[in-house]
Amino acid sequence: MTPGLAAVRHALADAHQQQRFLCVLGDAGVGKTFAVHTTALTCFPDAHLLLRLGARPGPADLRAHLHHALGLKGAPPTDPAATDSLIRRVLSAGPRIVVVDEADRMPDTCFEYLRFLHDDLPGGLCVVLIAGQRGERALRAQQMLHTRTAAWLTLLPIARDQLARIIFALHPLWHTVAPDHLWMLDGHFAHGSLRRWALLTHHVQRALATAGALHPDPGLLRQVIRRIDTSRRP
């Protein structure tokens, strides 16, 4: 388990118990969405509602996504009040976790709608807001979060002293690669990003299949880096 996944698991359990908001922040690729979704799916399989909103969502989009995620039949009523009544009735049946990715893109009206649901339901509502590091300012600007948020959690890139343990667990192909070669790959390409390590793993697997090899050697690893890291090309 990565430090980020462990931190999210602890924070989400606390926010779920309190039925409050949880803000998960971090640079692109550090595993925010993966950690939240994995924790929600494994620890709260019957409680989580994953909302995948499009660009510039409004309250109507939130209502529609919640209507679908809650398994309500048919299309949402055209009357917002009727839709809200259905949503509140199902949400009040038991503790839920609403997960909103790229939450910093939401307008104030969407935050206000989430506040309305949280305050209207007996005991509150656990809402996880995921945003990039640059989106923290947008979330902090929402006054309603100041008194309703259980924790502000920032996930960091993989630290050098944790790299070998985490990457060994990522995929068996790294089990035969020496730690100093992993550090080289991280310094030249991955930069502590789980997303970039996943991409690197995919390309190394393809290179091994093409070469008919079982284990990556330093030469093959350098070839893969030169091929996929376009930022290093002249």
Side-chain angles (χ1 to χ4, degrees), residues 2-41 44 47-70 76 80 83-84 87-88 91 95-121 124-158 191-196:
T2 67
L5 185 57
V8 167
R9 179 166 295 190
H10 175 78
L12 184 53
D14 186 53
H16 178 258
Q17 182 180 26
Q18 298 183 54
Q19 286 295 286
R20 302 182 72 194
F21 284 76
L22 169 65
C23 297
V24 180
L25 311 167
D27 290 332
V30 298
K32 303 182 298 297
T33 302
F34 172 80
V36 171
H37 287 195
T38 298
T39 300
L41 287 168
F44 308 97
H48 69 284
L49 305 170
L50 308 180
L51 307 187
R52 293 179 171 85
L53 305 177
R56 295 186 176 183
D61 299 297
L62 276 176
R63 287 186 178 95
H65 279 79
L66 281 168
H67 186 278
H68 175 73
L70 288 168
T83 304
D84 291 343
I87 290 172
R88 291 199 311 271
L91 288 176
R96 298 289 186 132
I97 298 173
V98 176
V99 180
V100 182
D101 205 353
E102 297 183 333
D104 54 305
R105 296 186 179 183
M106 293 193 303
D108 292 347
T109 51
C110 285
F111 285 101
E112 180 60 22
Y113 183 69
L114 292 173
R115 182 206 62 76
F116 156 71
L117 289 178
H118 176 276
D119 293 356
D120 188 68
L121 292 168
L125 175 66
C126 180
V127 180
V128 183
L129 303 177
I130 306 172
Q133 196 66 52
R134 294 181 180 179
E136 180 174 0
R137 179 178 295 182
L139 298 190
R140 295 277 186 186
Q142 298 297 324
Q143 293 295 319
M144 68 90 172
L145 289 177
H146 294 180
T147 57
R148 296 173 177 83
T149 301
W152 294 78
L153 182 63
T154 298
L155 302 192
L156 301 174
I158 303 171
H191 310 300
S193 167
L194 279 173
R195 182 182 301 167
R196 291 177 75 85

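Residues: numbered from 1 along the sequence shown.
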Taking all heavy atoms of [X] and all of [Y], pick out the closest pair and write down the distance.
X: P107; Y: P57; answer: CD-O, 3.0 Å
X: P76; Y: A64; answer: CG-CA, 4.0 Å
X: L194; Y: V30; answer: CD1-O, 3.8 Å
X: L25; Y: G132; answer: CD2-O, 4.4 Å
X: Q19; Y: P95; answer: NE2-CB, 3.7 Å
X: G29; Y: S193; answer: O-OG, 3.1 Å

Quiz prompt | Residues which pass side chain to side chain contact (heavy atoms under 4.5 Å, CB included) with R9, listed by chain and number, not counting sequence neighbours | solution = M1, T39, T42, C43
Exercise. With sequence neighbours left out, write down each residue that passes side chain to side chain contact (heavy atoms under 4.5 Å, CB included) with L129, or none if nothing qualifies.
Key: F21, C23, V100, A103, M106, F111, L114, V127, L139, L145
Exercise. Answer yes or no: is there a donor N or O on one side and an acceptor on the other, between the side chain of H65 and the main chain of R52, under 3.5 Å?
Key: yes
Self-check item: Donor-acceptor under 3.5 Å (D14 side chain, A11 main chain)
Solution: no
Quiz item: Looking at D27, T154, L155, which hits side chain to side chain contact (heavy atoms under 4.5 Å, CB included) with K32?
Solution: L155
Flag if over 12 foreign heavy atoms under 6.0 Å of [atom1], [X]:
X: R140; atom1: CZ; value: yes
X: R105; atom1: CZ; value: no
X: H10; atom1: NE2; value: no
X: F34; atom1: CZ; value: no

Self-check item: Check against side-chain contact (heavy atoms from CB on, under 4.5 Å), R96 and L121
Solution: CA-CA 11 Å; R96 298 289 186 132; L121 292 168; over 6 Å; no
Practice problem: Test L62 against L117 for side-chain contact (heavy atoms from CB on, under 4.5 Å), laying out the working first. | Solution: CA-CA 11 Å; L62 276 176; L117 289 178; over 6 Å; no
Quiz item: How long is the gap from CG on L156 to OG1 on T2, to the nearest 0.5 Å?
Solution: 11.0 Å
Practice problem: Enter the distance from D108:CG to R115:CZ here, rounded to the nearest 0.5 Å. | Solution: 12.5 Å
Exercise. Determine, for D84 against R63, whether the closest basic-nitrogen to carboxylate-oxygen distance falls under 4.0 angstrom.
Key: yes
Quiz item: Are R148 and D119 ion-paired here, with the side-chain N under 4.0 Å from a carboxylate O?
Solution: yes
